[in-house]
A.B. asks: 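Below are the structure tokens for one structure; questions will follow.
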Amino acid sequence: MDETEFWKIVDAAREDAEGDAEEQADLLVERLTRLDPDSVLDYARHFEARYNRAYLWDLWGAAAVLFDGAGEEVFDSFRCWLIGQGREVYEGAVHDPDALAELLDDFDGEIDGDGEEIGFAADEAYEALTGAETPDLGIPMPGGEPLGTPLDLADDEALAARFPRLWERFGAG
């Protein structure tokens, strides 16, 4: 499975789920179980690589603006959800987290941003196909701190300065 195929699966499930992350996760599991186990592992590797790539201070700060605060679990779930939004939103956010102000048409922090189940879709599909847990994918986990310039996630002034467009649209105030 190449990157284009990975994004096609993500996009089709998102479109069919009409923005419902839990439904999207269910659809991902359903579609992945139609593949062979090696293809599911390929999908999992693509997902994990993008999840790790999004381990950035600026994305964590953007999540803190969107959710009026974001601890580690919220940020982990947000990164899964961000991948589930598709290539355009994901790549745009990784390159410029403040661009989420324009990339997210409708966003409600009460119902959006929780993609934990999306993050487990490949594991569920693999287990359904093989009866075994997903093996080690061989992708190193990011260590320690996120990449980029550290940010005090509780400092509204710092968040507003770093993410002016996001803050204007979603910030506390």
A.B. asks: Is there a side-chain contact (heavy atoms from CB on, under 4.5 Å) between Ile9 and Leu35 once you walk through the steps?
C.D. replies: CA-CA 11 Å; Ile9 292 170; Leu35 304 174; 4.2 Å; yes
A.B. asks: Fit a plane to each ring of Phe107 and Trp81, take the angle between them on a 0 to 90° scale, and name the class: parallel (under 30°), tilted (30 to 60°) or perpendicular (over 60°).
C.D. replies: perpendicular
A.B. asks: Is Met141 close to Glu48 at the side-chain level, that is, under 4.5 Å between some pair of heavy atoms?
C.D. replies: yes
A.B. asks: If I take atom CZ from residue Phe170 and atom CG from residue Leu104, how far apart are they, to the nearest 0.5 angstrom?
C.D. replies: 5.5 Å
A.B. asks: Mind jotting down which residue pairs meet the ring pair (Phe, Tyr, Trp, His ring centres under 6.0 Å) criterion with at least one end in residues 113-158? Sequence neighbours excluded, please.
C.D. replies: none
A.B. asks: Ignoring hydrogens, what is the shortest heavy-atom contact between Gly92 and Ala99? Give both atom names and the distance.
C.D. replies: O-CB, 4.3 Å
A.B. asks: In terms of hydrophobic clusters joined by side-chain contacts under 4.5 Å, are Phe67 and Ile118 together?
C.D. replies: yes
A.B. asks: Is the CD atom of Glu88 crowded by more than 12 outside heavy atoms at less than 6.0 Å?
C.D. replies: no
A.B. asks: Check whether any side-chain heavy atom of Glu5 lies under 4.5 Å from a side-chain heavy atom of Asp42, and answer yes or no.
C.D. replies: no
A.B. asks: Any sub-3.5 Å donor-acceptor pair from Trp60's side-chain atoms to Ala70's backbone N or O?
C.D. replies: yes
A.B. asks: Above 12 or not: heavy atoms from other molecules or residues under 6.0 Å from CD of Glu3?
C.D. replies: yes
A.B. asks: Does the side chain of Arg79 come within less than 4.5 Å of Arg53's, by heavy atoms?
C.D. replies: no
A.B. asks: Rounded to the nearest 0.5 Å, what separation is found between the CG atom of Asp58 and the CG atom of Leu151?
C.D. replies: 7.0 Å
A.B. asks: Does the side chain of Glu23 come within less than 4.5 Å of Glu18's, by heavy atoms?
C.D. replies: no
A.B. asks: To check you understand the geometry: which heavy-atom pair defines the closest contact between Tyr55 and Pro142, and what is its length?
C.D. replies: CD2-CB, 3.6 Å
A.B. asks: Could you tell me if the side chain of Ile83 sits less than 4.5 Å from the side chain of Tyr90, heavy atoms only?
C.D. replies: yes
A.B. asks: With heavy-atom distances below 4.5 Å as the criterion, would you say the side chains of Phe75 and Leu56 are in contact?
C.D. replies: no
A.B. asks: To the nearest 0.5 angstrom, please state how far the CG atom of Asp98 sits from the CH2 atom of Trp167.
C.D. replies: 12.0 Å
A.B. asks: Are any of the side-chain heavy atoms of Val10 and Gln24 separated by less than 4.5 Å?
C.D. replies: yes
A.B. asks: Output the distance between atom CG (Asp123) and atom CD (Glu133), rounded to the nearest 0.5 Å.
C.D. replies: 8.5 Å
A.B. asks: Kindly confirm or rule out a cation-pi arrangement of Arg50 over Phe6, judged by NZ or CZ under 6.0 Å from the six-membered ring centre and within 45° of its axis?
C.D. replies: yes
A.B. asks: Measuring from Asp38:CG to Met1:CE, what's the distance to the nearest 0.5 Å?
C.D. replies: 11.0 Å
A.B. asks: Which value, rounded to the nearest 0.5 Å, describes the distance between Leu159 atom CG and Leu166 atom CG?
C.D. replies: 9.5 Å
A.B. asks: Measure across Ala49 and Ile139 and return the closest heavy-atom pair with its distance rounded to 0.1 Å.
C.D. replies: N-CD1, 4.2 Å
A.B. asks: Using every non-hydrogen atom in the two residues, find where Leu59 and Ala54 come nearest and quote the distance to one decimal.
C.D. replies: CD1-O, 3.5 Å
A.B. asks: Within the 4.5 Å heavy-atom criterion, are Asp26 and Glu30 side-chain neighbours or not?
C.D. replies: no
A.B. asks: Do any N or O atoms from the side chain of Asp114 and from the backbone of Ala21 form a donor-acceptor pair under 3.5 angstrom?
C.D. replies: no
A.B. asks: Above 12 or not: heavy atoms from other molecules or residues under 6.0 Å from CG of Asp106?
C.D. replies: no
A.B. asks: Kindly determine whether Arg162 and Thr149 satisfy side-chain contact (heavy atoms from CB on, under 4.5 Å), including the steps that lead there.
C.D. replies: CA-CA 11 Å; Arg162 178 106 44 114; Thr149 304; 3.8 Å; yes
A.B. asks: How close do Val40 and Leu32 get, counting heavy atoms only, and between which atoms?
C.D. replies: CG2-O, 3.3 Å
A.B. asks: Using only atom types and a distance under 3.5 Å, with no angle test, would you say the side chain of Thr33 pairs donor to acceptor with the backbone of Val29?
C.D. replies: yes
A.B. asks: Any salt bridge linking Asp11 with Arg87? Criterion: basic side-chain nitrogen under 4.0 Å from a carboxylate oxygen.
C.D. replies: no
A.B. asks: Can you see which heavy atom on Ala122 is nearest to which on Ala44, and at what distance?
C.D. replies: CB-CB, 3.7 Å
